[in-house]
Amino acid sequence: MGRAYAVREAKIKKTGAAKGKLYTNFAKEIYLAAKRGVPEVEANSALKHLVEKAKKMQVPADIINRALDKAKGAGKDEYEEIIYEGFGPGASTFMIKTLTDNVNRTVGEVRAAFNKLNKSLGVTNSVSYNYDNLCVLSFKSDKEEELLMALLDAGIEPVEFENEDGFINVEVKYIDNIKTREVIESVEPEVDYELDESGWYAKDLVTLEGEDLELFNRLYGLLDDIEDVTDVYHNVDLGE
């Protein structure tokens with residue numbers, strides 16, 4: 001199975017276990033997208049995509065609306081996205097995405113999680129060079145050839161493009177994520193994305209056993225429990 005399958009399985013497990021945090025993360029991301037562009041859904045492609053995704057994930061409308069109202073000036077929160085890099089047990093590494101309104105608090109909590117298990121944060125680019133920043137999409141379609149040609153004609157060269165039991169799985173560089181959706185939706189106007197994820201994905205995976213695997217799971221749990229952490233990416237093959 002390809003990366004889309006693994007991401008799909010991991011996302012089901014994650015979202016099924018933490019709906020409350022999922023809603024909070026969407027609120028922060030919607031707010032940030034609105035502040036980076038304009039706080040009007042139809043005039044901001046990135047914002048429109050996030051709102052549609054939030055609705056599909058059954059995020060309550062009042063949470064979405066409050067985030068939009070804050071971005072329009074009804075609130076004083078100022079969030080920023082910060083990626084931390086770290087070294088875990090064995091040959092494991094982490095990319096930790098956060099959305100925070102207090103950088104000192106967030107880095108302190110992330111560092112404390114690593115320190116608790118005698119592991120350490122890395123400096124910028126100490127880990128990320130082993131990861132690709134990608135958008136991973138999966139949807140049902142019988143227009144495989146037409147979709148691929150449309151992407152190539154638009155100047156988008158997929159990292160991966162495959163048909164898996166009737167699902168088209170597409171991986172593109174993150175910088176192409178909005179344009180890729182626009183091309184797909186021009187070919188499949190009623191497309192329903194089963195998977196729509198962007199993040200940091202390891203180029204090569206490692207296998208952990210015994211104490212290293214136990215420590216990895218503990219560290220992952222500590223990081224995922226931090227309120228400001230929205231996603232934890234790693235290079236460990238968990239058989240997902």
Side-chain angles (χ1 to χ4, degrees), residues 2-4 6-11 13-15 17-18 21-22 24-26 28-29 31-33 35-36 46 77-136 159-160 171-177 197-240:
R3 190 191 330 251
V7 175
R8 188 183 304 130
E9 292 299 297
K11 200 64 181 179
K13 294 174 184 176
K14 183 172 182 179
T15 56
K21 186 171 182 180
L22 177 73
T24 300
N25 290 344
F26 264 116
K28 291 179 180 179
E29 290 184 354
Y31 172 86
L32 191 59
K35 294 292 283 187
R36 283 175 172 172
D77 293 337
E78 292 293 338
Y79 294 108
E80 59 181 306
E81 180 181 298
I82 300 177
I83 306 292
Y84 296 101
E85 307 177 28
F87 299 92
S92 66
T93 58
F94 289 87
M95 296 286 290
I96 305 123
K97 177 184 172 184
T98 67
L99 284 173
T100 179
D101 59 354
N102 187 322
V103 176
N104 290 334
R105 178 192 67 222
T106 304
V107 69
E109 292 178 349
V110 172
R111 181 177 287 113
F114 280 91
N115 289 345
K116 187 170 289 188
L117 298 179
N118 296 316
K119 304 305 173 184
S120 63
L121 279 178
V123 298
T124 302
N125 296 326
S126 61
V127 166
S128 60
Y129 72 94
N130 276 323
Y131 287 72
D132 291 316
N133 193 9
L134 302 174
C135 173
V136 183
V159 176
E160 183 173 314
E171 293 181 21
V172 296
K173 294 178 181 178
Y174 178 75
I175 195 172
D176 291 327
N177 78 94
E197 292 299 320
S198 296
W200 294 86
Y201 301 101
K203 297 176 182 178
D204 297 295
L205 298 179
V206 300
T207 300
L208 299 180
E209 298 179 346
E211 184 179 2
D212 281 345
L213 181 58
E214 180 182 343
L215 289 174
F216 167 83
N217 287 327
R218 285 176 59 193
L219 180 52
Y220 183 98
L222 289 171
L223 292 168
D224 198 43
D225 284 342
I226 296 171
E227 184 177 354
D228 295 331
V229 170
T230 60
D231 284 289
V232 180
Y233 304 99
H234 58 80
N235 67 337
V236 178
D237 185 353
L238 297 177
E240 296 166 337

By side chain to side chain contact (heavy atoms under 4.5 Å, CB included), which residues pair with [X], not counting sequence neighbours?
X	value
Arg105	Thr100, Asp101, Asn102, Glu109, Asp228
Ala46	Asn44, Ile178
Asp176	Ile156, Val172, Lys173, Thr180

Taking [atom1] in [X] as the centre, count heavy atoms belonging to other residues, nucleotides or ligands within less than 6.0 Å. Is the count above 12?
X	atom1	value
Phe87	CZ	yes
Glu227	CD	no
Ile175	CD1	no

[atom1]-[atom2] distance between [X] and [Y], expressed to the nearest 0.5 angstrom:
X	Y	atom1	atom2	answer
Tyr201	Asn133	OH	CG	9.0 Å
Glu29	Asn25	CD	CG	6.5 Å
Ile96	Asp231	CD1	CG	11.0 Å
Leu117	Leu215	CG	CG	6.0 Å
Asn235	Tyr131	CG	OH	4.0 Å
Ile83	Thr98	CD1	OG1	6.5 Å

Specify the closest pair of heavy atoms between [X] and [Y], including all atoms of both residues, with the distance to one decimal.
X	Y	value
Ile226	Ala113	CD1-CB, 4.5 Å
Ser92	Val236	CB-CG2, 3.6 Å
Leu134	Val159	CD2-CG2, 3.9 Å
Met95	Val127	SD-CG1, 3.8 Å
Lys97	Tyr233	CB-CE1, 4.5 Å

**OP:** Spell out, as yes or no, whether a donor-acceptor pair under 3.5 Å connects the side chain of Tyr174 to the backbone of Trp200.
**Re:** no
**OP:** Test side chain to side chain contact (heavy atoms under 4.5 Å, CB included) on Glu85 and Thr93 and set out the steps.
**Re:** CA-CA 8 Å; Glu85 307 177 28; Thr93 58; over 6 Å; no
Tell me, do [X] and [Y] make a side-chain contact under 4.5 Å, heavy atoms counted?
X	Y	value
Thr106	Tyr84	yes
Lys21	Asp224	yes
Phe114	Leu222	no

Original post:
Of all residues at least two apart in sequence or in a different chain, which pass the ring-ring contact (aromatic ring centres under 6.0 Å, His included) check with Phe216?
Top reply: Phe94, His234
**OP:** Not counting sequence neighbours, list each pair that qualifies as a side chain to side chain donor-acceptor pair (under 3.5 Å) and has a residue in residues 114-127.
**Re:** Asn125-Ser128
**OP:** Could you note down all residue pairs passing salt bridge (charged side-chain N to carboxylate O under 4.0 Å, His left out) where residues 204-215 supplies at least one of them, sequence neighbours left out?
**Re:**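 Output for this query is empty, none listed.
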